[in-house]
Amino acid sequence: MSIRLRFAPSPTGRIHVGNVRTALMNWLFAVREGGQVLLRIDDTDIARSTKEFEQSIVDDLAWLGLPWSERANQSHRFDVYDRAADKLKAAGLVYPCYETEDELDRKRKIAQATNKPPIYDRAALKLTDADRAKLEAEGRRAHWRFKLSGARKDWVDLVRGPQSIDTGSLSDPVLIREDGAFLYTLPSVVDDIDFKITHIVRGEDHVTNSGVQIEIFEALGGDVPAFGHFPLLVGADGNALSKRIGSLGVGELAAEGYEPMTILSHLAKIGTSDPVEARTSLEQLASEFAFEKIGRAPARFDPEELKRVNAALLHQYEYSAVKDRLAKLDADKGEAFWNAVRANLVLFPDVKAWVQIVEGPIAPVVTDAAFAQAAAEVLPSGAYDATTWPAFTNAVKEKTGAKGKALFMPLRQALTGMDHGPEMAALFPLIGEERARKRLLGQSA
RNA sequence: GGGCCCUUCGUCUAUCGGUUAGGACGCCUGGUUUUCAACCAGGAAAGAGGGGUUCGACUCCCCUAGGGCCUGCCA
């Protein structure tokens with residue numbers, strides 16, 4: 001049977017690098033195994049969820065190149081969750097509680113202060129029908145908790161190995177809020193059962209959840225899927241991801257000019273035993289994916305490394321693959337141009353700077369006017385090709401006696417206004433005789 | 001406070017009791033018949049600290065220090 005995974009973002013914000021990593025892990029495993037990924041929009045919180053955010057998630061996934069096989073909204077399935085809740089209530093596994101948030105907060109603080117575990121004391125379990133009637137008469141509305149068994153729940157985690165969660169040391173999870181809204185837990189399990197999810201792959205912030213969710217799977221009579229919990233991201237300094245980096249959205253990265261495959265390559269490789277290198281396709285990343293390669297220590301998300309990966313990826317791109325994108329930037333100056341400058345790009349939009357340098361106008365950097373003047377005097381006429389540059393530099397060398405860096409650097413500076421850049425032999429024909437002459441003479445061109 | 005996880009070159013990591021402790025990025029050197037970048041090749045570079053167990057420990061156990069996650073009527 002083919003595997004089925006799911007990515008379940010909440011449309012209460014744009015997706016950021018952490019979300020993308022979660023999504024990617026699911027996709028990599030699914031693609032490698034020829035399985036499917038369901039996009040499940042966890043919009044049970046009607047107040048905070050918006051269609052705009054939902055659309056942005058869809059757009060961002062599409063931009064990244066992560067295709068889903070099915071899409072579902074939890075907000076369309078409340079009746080299904082109601083039935084599941086009724087079933088659990090009938091079984092006595094879900095019980096009404098009447099504490100206010102303030103009261104619970106106080107209980108937690110007292111427990112903490114007296115060095116006791118801050119878990120729910122199950123006071124509501126002792127309520128009689130009369131007690132409940134009285135509370136309801138006072139205007140209190142119940143929220144509903146799932147009664148944990150208190151047993152240990154074990155599973156073999158795809159990345160962490162054997163796991164054991166003692167549900168006796170946990171609070172009974174609230175499944176339904178006082179206002180009737182479903183929290184994340186129940187709909188998630190119900191959907192995983194209904195959509196026949198075989199593997200749940202998510203961050204290690206969910207390992208405890210998995211213990212309680214296994215109990216709910218069992219209570220509902222569903223098959224318990226396999227679980228895999230990978231370590232979370234930390235910043236380049238090893239500390240928790242800063243708010244700025246952690247909330248870095250796909251949209252922002254796209255706007256800055258990062259390639260989708262850069263983001264995917266980086267997020268797929270950090271924290272694994274593979275070298276952090278650019279890959280050009282999701283399929284290739286998937287073929288290299290293995291849970292065994294994922295380390296147990298948090299993965300470092302370093303924006304500098306992301307740049308490096310982006311540069312390496314750009315350097316591989318053939319002209320045909322980027323022609324359309326170049327045109328959009330008004331930077332399609334032909335294959336020779338692309339091949340000349342691509343090795344000097346970090347971000348794709350950097351290409352515009354090289355268009356400017358080739359076509360001008362730029363202000364040349366002339367530090368030795370006499371030398372530049374002499375060079376201008378031996379500037380070749382007519383059509384330029386790959387042989388023009390060596391011919392020209394040899395002529396300058398003969399005329400001035402300059403060689404090595406003293407020969408090439410002033411020419412580069414005068415002709416490009418920069419002290420670094422692509423191979424001059426490739427760039428020179430693109431600049432051409434007219435602009436070259438003016439620049440050597442110190443004129444903007 | 002409690003629970004879970006983690007700590008190897010500058011960085012990300014491999015090693016699952018016996019290795020010249022391997023790779024990648026960065027760095028250094030050289031090559032690309034003369035510049036920088038890019039590219040290629042070579043090189044330097046590591047086991048948090050302290051106790052055990054063992055013929056032998058990076059590897060197993062304990063303590064200390066440091067870090068991540070959970071402990072929500074968030075997901």
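A, B, ... follow the sequence lines: proteins, then strands. Residue 1 opens every chain. Since this is a predicted model, take the numbers as computed values, not measurements.
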Whole-angstrom distance between B/rA46 and B/rC39, as gauged at atom C1': 29 Å
Over all atoms of both residues, closest heavy-atom pair of A/Leu326 and A/Tyr319: CD1-CE1, 4.0 Å
Please classify the nucleic acid contact of A/Arg145 as base, sugar-phosphate, or nothing, using heavy-atom distances under 4.0 Å. sugar-phosphate
Nearest-Å distance once atom P is located in both B/rC4 and B/rC62: 11 Å
Sequence neighbours excluded - salt bridge (charged side-chain N to carboxylate O under 4.0 Å, His left out) pairs with any residue from residues 140-155 of chain A: A/Glu103-A/Arg140, A/Lys153-A/Glu218
Nucleotide nearest A/Thr44 when distance is taken to its side chain, options B/rC74, B/rA75, B/rA24: B/rA75
Base-pairing mate for B/rA14 - Watson-Crick or G-U, with both contacts under 3.5 Å: none
Any carboxylate oxygen within less than 4.0 angstrom of a Lys/Arg side-chain nitrogen, looking at A/Arg40 and A/Asp192? yes
Figure out the CZ/C1' separation between A/Arg202 and B/rC70, and round it to whole Å. 13 Å
Looking for any heavy atom pair under 4.0 Å, which part of the strands does A/Gly271 touch: base, sugar-phosphate only, or nothing? sugar-phosphate
Applying a 4.0 Å non-hydrogen cut-off, can you work out what A/Asp45 is touching in the nucleic acid: base, sugar-phosphate, or nothing? nothing
Mind telling me whether A/Phe29 and A/Phe289 have parallel, tilted or perpendicular rings, with 30° and 60° as the class edges? tilted
Can you tell if the side chain of A/Val322 reaches within under 4.5 Å of the side chain of A/Val351, non-hydrogen atoms only? no
For the pair made of NZ in A/Lys109 and C1' in B/rG72, what is the distance, rounded to whole Å? 12 Å
Please report the distance, rounded to the nearest Å, between CD1 in A/Ile46 and C1' in B/rA75. 15 Å
Measuring only the C1' atom in each nucleotide, how far is B/rU8 from B/rA48? A whole number of Å is fine. 10 Å
A/Asn209 CG to B/rG72 C1': how many Å, rounded? 11 Å
Kindly write out the residues that satisfy side-chain hydrogen bond (donor to acceptor under 3.5 Å, both in side chains) with A/Asp157, not counting sequence neighbours, or none if the list is empty. A/Trp155, A/His229
Sticking with atom P, work out how far B/rC25 lies from B/rG68, rounded to a whole angstrom. 29 Å
Between residues 147-157 of chain A and RNA chain B, which residues have a heavy-atom gap below 4.0 Å? none
With a 3.5 Å cut-off and sequence neighbours excluded, list the donor-acceptor pairs that the side chains of residues 199-206 of chain A form with protein atoms.
from, atom 1, to, atom 2, distance (Å)
A/Arg202, NH1, A/Ser210, OG, 2.8
A/Arg202, NH2, A/Tyr184, OH, 2.8
A/Arg202, NH2, A/Gln213, OE1, 3.1
A/Glu204, OE1, A/Arg160, NH1, 3.0
A/His206, ND1, A/Asn209, ND2, 2.9

Mate of B/rU53 across any strand shown (Watson-Crick or G-U wobble, both atom pairs under 3.5 Å) is none
Determine the minimum heavy-atom distance between A/Asp43 and A/Pro11, stating which atoms define it. CB-CG, 3.7 Å
Taking the nucleotide of RNA chain B with the closest heavy atom to each, which residue, A/Ser164 or A/Asp205, is nearer the 5' end? A/Ser164
Interatomic distance at C1', B/rC5 relative to B/rG31, whole Å: 47 Å
Ring centres under 6.0 Å, that's the criterion: do A/Phe428 and A/Trp389 meet it? yes
Rounded to whole Å, how long is the line connecting atom CZ of A/Arg140 with atom P of B/rC73? 15 Å
May I ask you to say what A/Thr100 touches in the nucleic acid, namely base, sugar-phosphate or nothing, with a heavy-atom cut-off under 4.0 Å? base
So that I can tick it off, tell me whether A/Arg106 and A/Asp102 are bridged by a salt bridge, with the cut-off set at under 4.0 angstrom between side-chain N and carboxylate O. no
Nearest-Å distance for atom pair CZ/P, residues A/Phe227 and B/rC70: 17 Å
Mind checking the P distance from B/rU29 to B/rA44? Whole angstroms is fine. 15 Å
5' to 3', nucleotides 25-47 of chain B under a 4.0 Å protein heavy-atom cut-off (B base, S sugar-phosphate only, - none) gives S--------BBBBS---------
Rounded to whole Å, the CG-C1' distance (A/Leu175 to B/rG72) equals 14 Å
So which one's nearest nucleotide on RNA chain B is more toward 5', A/Arg141 or A/Thr208? A/Thr208
Can you establish whether the number of heavy atoms outside A/Lys293 located under 6.0 Å from its atom NZ is more than 12? yes
Just call it for A/Val207: base, sugar-phosphate, or nothing, with non-hydrogen atoms closer than 4.0 Å on any strand. nothing
Base, sugar-phosphate, or nothing for A/His229, non-hydrogen atoms under 4.0 angstrom? nothing
Can you tell me how far P in B/rU15 sits from the matching atom in B/rG23, rounded to whole Å? 15 Å
Among B/rA14, B/rA75, B/rC73, which nucleotide sits nearest the side chain of A/Ser273? B/rA14
Strictly under 3.5 Å: I want the nitrogen or oxygen pairs between protein and nucleotides 5-7 of chain B, one per line.
from, atom 1, to, atom 2, distance (Å)
B/rC5, O2', A/Arg296, O, 3.4

Quick one: A/Arg177 CZ to B/rG72 P, roughly how many Å, whole number? 16 Å
Which nucleotide, if any, forms a Watson-Crick or G-U wobble pair with B/rC58, using both distances under 3.5 Å? none
Chi angles and distances behind the side chain to side chain contact (heavy atoms under 4.5 Å, CB included) call for A/Val346, A/Leu314: CA-CA 7 Å; A/Val346 174; A/Leu314 252 25; 5.9 Å; no
Less than 3.5 Å apart, any donor N or O on the side chain of A/Tyr98 or A/Glu138 sitting next to an acceptor on the other? no
Using atom C1' in both nucleotides, what's the gap between B/rU13 and B/rC6 to the nearest angstrom? 14 Å
May I ask which nucleotide in the shown strands pairs with B/rC39, Watson-Crick or G-U wobble, both distances under 3.5 Å? B/rG31
Applying side chain to side chain contact (heavy atoms under 4.5 Å, CB included) to A/Leu66 and A/Asn26, what does each step give before you reach the verdict? CA-CA 10 Å; A/Leu66 300 176; A/Asn26 280 278; over 6 Å; no
